[in-house]
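Atoms within a ligand are numbered from 1 in the order they appear, just like the ligands themselves. Quick caveat: nothing in here was measured; it's all calculated off a predicted structure.
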Amino acid sequence: MSEVLRKSDFLVIPGVFNPFTALLAQKVGFKAVYLSGGALTSSLGMPDLGIITLDELAWMVRRIREVTDIPIIVDADTGFGEAVNVYRTVKVLESAGANAIQIEDQVLPKKCGHLEGKEVVRPTDMVLKIKAALKARKDMLIIARTDSRAIYGLDDAITRAQIYLEAGADVIFPEALESKEEFERFAREVRAPLLANMTEFGKTPLISAEEFKAMGYKYVIFPVTIFRVAAKAMKDALEVLLKEGTQKNLMDKMMTRKEQYEIINYYFYENLDRELAKEGVKS
Ligand SMILES: C[C@](O)(C(=O)O)[C@H](CC(=O)O)C(=O)O
Ligand SMILES: [Mg+2]
């Protein structure tokens with residue numbers, strides 16, 4: 001499945017945070033999903049500071065893998081430790097069903113790349129993590145993210161990207177660039193498969209998938225978009241319910257039971273049960 005990631009010219013990839021959202025993305029027609037740390041931790045009611053465990057992340061990857069058959073790019077933050085930890089992280093996440101893993105060059109506690117107060121490790125430390133990841137992986141892609149733009153500037157981010165590529169990273173993810181011009185320059189100077197992060201309310205202005213494609217980016221993720229839309233819709237619905245004591249005014253905003261069941265393959269299980277019962281009668 002990582003072939004889809006390798007061979008596609010350009011992919012628009014939504015961020016998901018559980019099996020339902022991944023399945024929904026697949027059924028709507030997306031060719032890959034991004035398991036976002038930001039969206040996953042928010043859905044767990046926690047901040048995105050690298051405080052969830054590898055087991056918790058792997059559990060979610062397994063659950064998503066069980067119900068979908070499109071590639072999953074997994075946000076593994078800083079890799080759950082130093083280089084030897086990254087080695088095990090890659091083994092665990094790949095066997096859970098990940099097709100690509102993203103590791104970033106921040107120090108712990110890491111932050112959303114678009115916030116102030118981040119710190120980055122020395123490039124040499126990140127190189128060790130990339131090398132450990134390459135030794136551990138069977139087939140999945142290793143995406144190296146640099147958070148350096150916000151700390152040491154674009155030149156440093158470009159230099160780090162080149163160092164990470166040299167170390168063997170398959171894809172480079174420049175985090176929190178601040179303008180279209182910066183993305184253009186990065187793509188001119190870093191000749192590699194590139195991933196752009198089009199998150200909202202951060203340092204990057206809204207840039208469309210078409211624009212990223214024209215600049216030469218291979219992937220664009222919208223990591224927290226559907227979480228944010230859903231979160232607002234849920235809050236609004238709760239307020240209406242609290243105030244009105246009925247869902248009457250919410251009915252036209254809902255996905256119907258039938259649509260919901262189609263997404264979770266309910267009818268497949270219903271038919272399976274019926275068929276098995278018939279076979280039982282015959283024998
Ligand atoms: C891409 C990201 O790593 C994520 O966890 O989805 C976040 C997104 C966000 O917090 O908006 C990031 O650090 O950019
Ligand atoms: Mg993240």
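With respect to the salt-bridge test (charged N to carboxylate O, under 4.0 angstrom), the residues Arg6 and Asp139 qualify. In summary, Lys243 and Glu239 do not engage in a salt bridge, as defined by a charged side-chain N under 4.0 Å from a carboxylate O. Using a cut-off of 4.0 Å between Lys/Arg side-chain N and Asp/Glu carboxylate O, Glu66 and Arg62 are scored as not salt-bridged. Glu178 has a carboxylate O that lies under 4.0 Å from a charged side-chain N of Arg149, or vice versa, which qualifies the two as a salt bridge. For Glu104 and Lys111, the salt-bridge test fails: no basic side-chain N is under 4.0 Å from an acidic carboxylate O.
For atom 13 (O) of ligand 1, the nearest non-hydrogen atom of the protein is Gly113 N, 2.7 Å. From the protein, the heavy atom lying nearest to atom 11 (O) of ligand 1 is Thr199 OG1, 2.5 Å. When hydrogens are left out, the protein atom nearest atom 6 (O) of ligand 1 is Ser36 OG, 2.6 Å; that is the closest non-hydrogen contact. The shortest contact between atom 14 (O) of ligand 1 and any protein heavy atom is with Glu175 OE2, 2.5 Å. Protein heavy atom at the shortest distance from atom 10 (O) of ligand 1 is Cys112 SG, 3.1 Å. Closest to atom 3 (O) of ligand 1, if we only count protein heavy atoms, is Arg145 NH1, 2.8 Å.
Taking CG of Leu154 as the start and CZ of Arg185 as the end, the distance is 5.0 Å to the nearest 0.5 Å. Between Ile151 atom CD1 and Thr146 atom OG1 the span is 8.0 Å, to the nearest 0.5 Å.
Distances between N or O atoms of Glu200 and those of ligand 1 include no value under 3.5 Å. At a 3.5 angstrom cut-off on N or O pairs, Asn197 counts as close to ligand 1. Considering backbone and side-chain N/O atoms, Gly38 comes within less than 3.5 Å of an N/O atom of ligand 1. Not a single N or O atom of Lys111, backbone or side chain, sits closer than 3.5 Å to an N or O atom of ligand 1.
Neither the backbone nor the side chain of Phe201 has a heavy atom within less than 4.0 Å of ligand 1. Of the heavy atoms in Lys110, none comes closer than 4.0 Å to ligand 1. When heavy-atom distances to ligand 1 are checked against a 4.0 Å cut-off, His114 comes that close only through its side chain, counted from C-beta outward.
Classified by interplanar angle (parallel below 30°, tilted 30° to 60°, perpendicular above 60°), the ring pair Tyr266/Tyr261 is parallel.
Only protein atoms were considered; those of element N, O or S under 2.8 Å from the Mg ion (ligand 2) number 1.
Contact annotation for atom 1 (C) of ligand 1: protein present (non-hydrogen atoms, distance under 4.0 Å).
Side-chain contact between Lys131 and Val127: present, with at least one pair of heavy atoms (C-beta onward) separated by less than 4.5 Å. With contacts defined as side-chain heavy-atom distances shorter than 4.5 Å, the pair Ile163/Thr124 does not qualify.
Partner Asp105 forms a salt bridge (Lys or Arg N to Asp or Glu O under 4.0 Å) with one of Lys118, Arg122, Lys129, Arg160 and no other, that one being Arg160.
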